[in-house]
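Encoded as structure tokens, the structure appears first; notes follow it.
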Amino acid sequence: MSTDISDLTNITGFIGACLVDSDSGLMLASETGTGKLDLEAAGAANTEVVRAKNRAMQALGLKDKIEDILITLGTQYHLIRPLIENPSVFIYVALDKKQANLGMARLNVKNVEATIKI
């Protein structure tokens with residue numbers, strides 16, 4: 001088992017990140033950055049986002065999977081990326097919108113996701 005998400009801290013504009021089990025809402029790993037963010041609360045709340053999107057896809061009859069979910073706030077980006085190997089576990093990353101390059105951030109999160117083994 002490997003839950004190391006520390007490379008996410010290298011993303012420009014990094015505020016915080018966690019690895020979350022969406023079945024239980026429990027945080028499996030976390031990394032804090034420059035911001036004041038309650039990662040446990042964020043992980044639990046974003047569990048509901050992932051569950052809601054999965055229910056919506058099922059209701060629409062979509063035979064697909066979530067690659068990532070982007071939530072754009074006034075000052076932040078929030079990225080949610082379920083693991084390919086275990087979609088019930090996801091990475092959540094909060095970034096400062098003024099500093100972050102969204103394309104590079106998505107690539108970095110994808111690269112970290114590939115290293116996680118649950």
Side-chain angles (χ1 to χ4, degrees):
M1 185 162 152
S2 172
T3 59
D4 181 13
I5 60 170
S6 61
D7 283 348
L8 295 172
T9 62
N10 297 324
I11 299 173
T12 302
F14 179 80
I15 295 171
C18 56
L19 184 66
V20 181
D21 176 357
S22 67
D23 289 336
S24 65
L26 294 176
M27 190 167 59
L28 305 174
S30 67
E31 292 290 332
T32 56
T34 59
K36 303 248 189 272
L37 183 62
D38 182 343
L39 290 172
E40 284 199 41
N46 283 298
T47 291
E48 293 305 316
V49 172
V50 171
R51 288 177 183 168
K53 188 58 192 173
N54 280 325
R55 282 192 305 270
M57 289 189 319
Q58 185 177 17
L60 294 169
L62 300 176
K63 304 281 191 248
D64 211 340
K65 62 184 184 332
I66 298 169
E67 184 173 320
D68 60 29
I69 298 169
L70 168 64
I71 300 169
T72 304
L73 304 177
T75 61
Q76 296 179 355
Y77 291 127
H78 292 211
L79 288 171
I80 301 167
R81 183 177 181 89
L83 304 186
I84 291 171
E85 297 297 322
N86 189 347
S88 67
V89 177
F90 66 88
I91 298 170
Y92 164 75
V93 182
L95 304 168
D96 182 301
K97 191 174 174 181
K98 287 182 183 176
Q99 298 175 21
N101 175 315
L102 188 54
M104 290 302 297
R106 289 182 71 217
L107 181 60
N108 287 334
V109 173
K110 181 179 179 179
N111 289 339
V112 169
E113 183 265 328
T115 70
I116 295 172
K117 305 288 184 248
I118 303 290

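All values reported here derive from a predicted model rather than from experimental measurement. Just so you know, these numbers use all the heavy atoms, side chains as well, and skip hydrogens, waters and symmetry mates.
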Exercise. side-chain contact (heavy atoms from CB on, under 4.5 Å) with Leu79: which of Leu102, Ile11, Ile69, Ile71?
Worked result: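 Among Leu102, Ile11, Ile69, Ile71, the one that satisfies the side-chain contact (heavy atoms from CB on, under 4.5 Å) with Leu79 is Leu102.
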
Exercise. Hey, does the side chain of Arg106 reach the backbone of Asn101 with a donor-acceptor pair shorter than 3.5 angstrom?
Worked result: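 The answer is no, because no donor-acceptor pair under 3.5 Å joins these two groups.
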
Exercise. Does Ser22 reach the main-chain N or O of Ser88 with its side chain, forming a donor-acceptor pair under 3.5 Å?
Worked result: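 Flag set: sc Ser22 to bb Ser88 pair under 3.5 Å.
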
Check [X] against [Y] and note the closest heavy-atom contact, atom names and distance.
X	Y	result
Gly16	Leu39	C-CD2, 4.0 Å
Phe14	Glu31	CZ-O, 3.5 Å
Cys18	Gly43	SG-CA, 4.1 Å
Pro82	Glu67	CD-O, 3.9 Å

Student check: side-chain heavy atoms of [X] and [Y] closer than 4.5 Å:
X	Y	value
Leu37	Tyr92	yes
Lys53	Ile66	yes
Ile15	Gln76	yes
Thr115	Asp7	no
Ile91	Leu83	yes
Asn46	Val20	no
Asp68	Val109	no

Is there a path from [X] to [Y] through hydrophobic residues (I, L, V, M, F, W, Y) whose side chains come within less than 4.5 Å of each other?
X	Y	answer
Leu28	Val50	no
Ile80	Val112	no
Met57	Phe90	yes
Leu62	Val49	yes

Please report the interatomic distance [atom1]([X]) to [atom2]([Y]), rounded to the nearest 0.5 Å.
X	Y	atom1	atom2	value
Asn108	Arg81	CG	CZ	11.5 Å
Leu26	Leu19	CG	CG	11.5 Å
Arg55	Gln58	CZ	CD	9.5 Å

For this session: Would you check, one step at a time, whether the test salt bridge (charged side-chain N to carboxylate O under 4.0 Å, His left out) holds for Lys110 with Glu113?
Result: CA-CA 5 Å; Lys110 181 179 179 179; Glu113 183 265 328; over 6 Å; no

Exercise. Would Ile118 and Thr3 count as a side-chain contact (heavy atoms from CB on, under 4.5 Å) if you check the C-alpha gap in whole Å, the side-chain angles of each, and the deciding distance to 0.1 Å?
Worked result: CA-CA 7 Å; Ile118 303 290; Thr3 59; 3.6 Å; yes

For this session: Start with the C-alpha gap between Val93 and Ile5, add the side-chain angles, then the distance that decides, and say whether side-chain contact (heavy atoms from CB on, under 4.5 Å) holds.
Result: CA-CA 10 Å; Val93 182; Ile5 60 170; over 6 Å; no

Exercise. Judged by modelled atom types alone, do Ser2 and Asp4 share a side-chain donor-acceptor pair under 3.5 Å?
Worked result: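 Asp4 and Ser2 do not have a side-chain donor-acceptor pair below 3.5 Å.
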
Exercise. Around atom CD of Gln99, are there more than 12 heavy atoms of other residues, nucleotides or ligands at under 6.0 Å?
Worked result: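 More than 12 within 6.0 Å, yes.
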
